[in-house]
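Single-structure report; data block below.
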Protein chains: 2
Amino acid sequence: MRIGELARESGLAVETVRYYEKEGLIAAPPRSPAGYRDYSSLTLHYLNFIRSAKAVGFSLKECRDLLAIFVSRDAHTCAEVKGLSEEKLTQLEQQMEALQRMHQTLKAISDACCGGDESAVNCSILDQLEGKKP
Amino acid sequence: MRIGELARESGLAVETVRYYEKEGLIAAPPRSPAGYRDYSSLTLHYLNFIRSAKAVGFSLKECRDLLAIFVSRDAHTCAEVKGLSEEKLTQLEQQMEALQRMHQTLKAISDACCGGDESAVNCSILDQLEGKKP
DNA sequence: CTTGACTCTGAAGTTAGCTTTAGGGTTTAT
DNA sequence: ATAAACCCTAAAGCTAACTTCAGAGTCAAG
């Protein structure tokens, strides 16, 4: 199949598919006489794999590593794959915690503000951001 | 004070301070005869403000907007400031939810895997990422 | 046979928030 | 008086993941 169909099937943009090839995530496919890329359905599986991996937080580099495992599964172990998953889970947790901290801080600051239509000359949010103790 | 001292006091890098000036977050200060930037302590307050705002999730552009309010507080209202805070709180919540969804999905996939030292030929994580139903 | 949809390439552009580089003056302490 | 530490500029580089552009060839339908 040609790149347009592959893109439609995988839900990616045509340019993104070419980009993934350039970045080494998928192999360069054979070409038609006119020079068009000619993909097998295997590539569609790979793109779906990438999309899923990205959807749970893996970067493109990590997708490339995962994909390398995927294409030669017999040379790798479940422990290895699960290790990568758990590492990513930990990262996600850390990111959530960072966001949570920001949220808590900002919520406390925001809740303390009257939010009224009066001038912000005495706005406690601005004071807090400046670093003033209340 | 010169830029090095300002940087030390604010906890930012010297280059970052110059960058903030270029980006319009802080005004260009007067110069010494030798061409050195000569800051007042007011700038330090502004930089502290920026640091705090960044720490709770505001982008530099948003910091610039907040700072514009900060420097002419009497022309703005508490409602306006609180509105921006609550908008940011909502964004933070959405980001956390997105991370949570990724985490839940990946955790379910990861937990189902044995994680053993056997070959990944039948690894359920890889199957799930490929899109296979179990 | 022409029109519109599709494909190709390589390079440059995008966003955010800095950091680094290169090359050159100034201040301060000893 | 000299060396370390500091300051200046403009421009380029960095990361991530694409997107856009310019210019040109190919395919399918009517």
Side-chain angles (χ1 to χ4, degrees), chain A residues 1-40 43 46-67 88 91-92 95 98-99 102, chain B residues 1-40 43 46-67 88 91-92 95 98-99 102:
Chain A
M1 79 183 98
R2 297 195 306 201
I3 198 170
E5 191 185 345
L6 182 68
R8 261 192 307 281
E9 296 285 321
S10 65
L12 296 169
V14 167
E15 303 78 32
T16 304
V17 176
R18 282 196 286 251
Y19 172 72
Y20 283 179
E21 177 182 321
K22 202 173 55 180
E23 292 297 302
L25 277 99
I26 56 176
R31 299 296 182 110
S32 78
Y36 289 7
R37 288 173 178 80
D38 183 23
Y39 293 101
S40 79
T43 308
Y46 293 162
L47 291 180
N48 286 335
F49 184 91
I50 293 169
R51 244 165 51 89
S52 304
K54 264 175 58 68
V56 296
F58 288 102
S59 71
L60 281 195
K61 265 184 196 170
E62 290 164 340
C63 287
R64 197 171 49 193
D65 297 343
L66 280 172
L67 212 42
K88 182 53 66 179
Q91 280 176 27
L92 290 171
Q95 288 174 34
L99 286 177
M102 293 192 240
Chain B
M1 80 183 95
R2 298 194 307 200
I3 198 170
E5 190 184 347
L6 182 68
R8 261 192 309 281
E9 296 286 320
S10 65
L12 295 168
V14 166
E15 302 79 31
T16 303
V17 176
R18 282 196 287 250
Y19 173 71
Y20 284 178
E21 177 183 323
K22 201 173 56 179
E23 292 297 302
L25 277 98
I26 56 176
R31 300 294 182 112
S32 79
Y36 289 8
R37 289 174 178 79
D38 183 23
Y39 293 101
S40 79
T43 307
Y46 292 162
L47 290 180
N48 286 334
F49 184 92
I50 293 169
R51 245 164 52 88
S52 304
K54 265 175 57 68
V56 295
F58 288 102
S59 70
L60 282 195
K61 265 184 195 170
E62 290 163 341
C63 287
R64 196 172 48 192
D65 298 343
L66 280 171
L67 212 43
K88 181 54 65 182
Q91 280 177 27
L92 290 171
Q95 289 174 34
L99 286 177
M102 293 192 240

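Throughout, a chain's letter reflects where its sequence line sits, starting with A, and its residues are numbered from 1.
- Residues B/L60 and B/Y19 meet the side-chain proximity criterion, which asks for heavy atoms closer than 4.5 Å.
- With contacts defined as side-chain heavy-atom distances shorter than 4.5 Å, the pair B/E9/B/L6 does not qualify.
- What you find for B/A13 and B/A7 is that their closest heavy atoms are C-CB, 4.0 Å.
- Put simply, the side chain of A/E21 does not reach to within 4.5 Å of the side chain of A/V17, judged on heavy atoms.
- OP1 or OP2 of D/dT9 has at least one side-chain nitrogen or oxygen of B/R37 nearer than 4.0 Å.
- Of the listed residues (B/L47, B/T43, B/I50), just one forms a side-chain contact (heavy atoms from CB on, under 4.5 Å) with B/S10, and that residue is B/L47.
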- In B/S/- notation (B base, S sugar-phosphate only, - none; protein heavy atoms under 4.0 Å), nucleotides 10-19 of chain D written 5' to 3' is ------SBBS
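- Residue pairs that meet the side-chain hydrogen bond (donor to acceptor under 3.5 Å, both in side chains) test with at least one member in residues 46-67 of chain B, sequence neighbours left out, are B/S59-B/E62, B/E62-B/K88.
- Rounded to an integer number of Å, the gap from A/L6 CG to C/dT7 C1' is 14 Å.
- Taking 4.5 Å as the limit, every side-chain heavy atom of B/Y36 sits out of range of all side-chain heavy atoms of B/I3.
- A heavy-atom distance below 4.5 Å is not found between the side chains of A/R37 and A/R2.
- Rounded to a whole Å, the CD atom of A/E5 is 18 Å from the P atom of C/dA5.
- Here the C1' atom of nucleotide C/dG17 and the CG atom of B/L12 are 12 Å apart, to the nearest Å.
- At the phosphate of C/dT9, neither OP1 nor OP2 sits under 4.0 Å from any side-chain N or O atom of A/R18.
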Review item, nucleotides 24-28 of chain C N/O atoms under 3.5 Å of protein N/O:
residue : atom : partner : partner atom : Å
C/dG25  : N2   : B/Y36   : OH           : 2.7
C/dT26  : O4'  : B/Y36   : OH           : 2.8

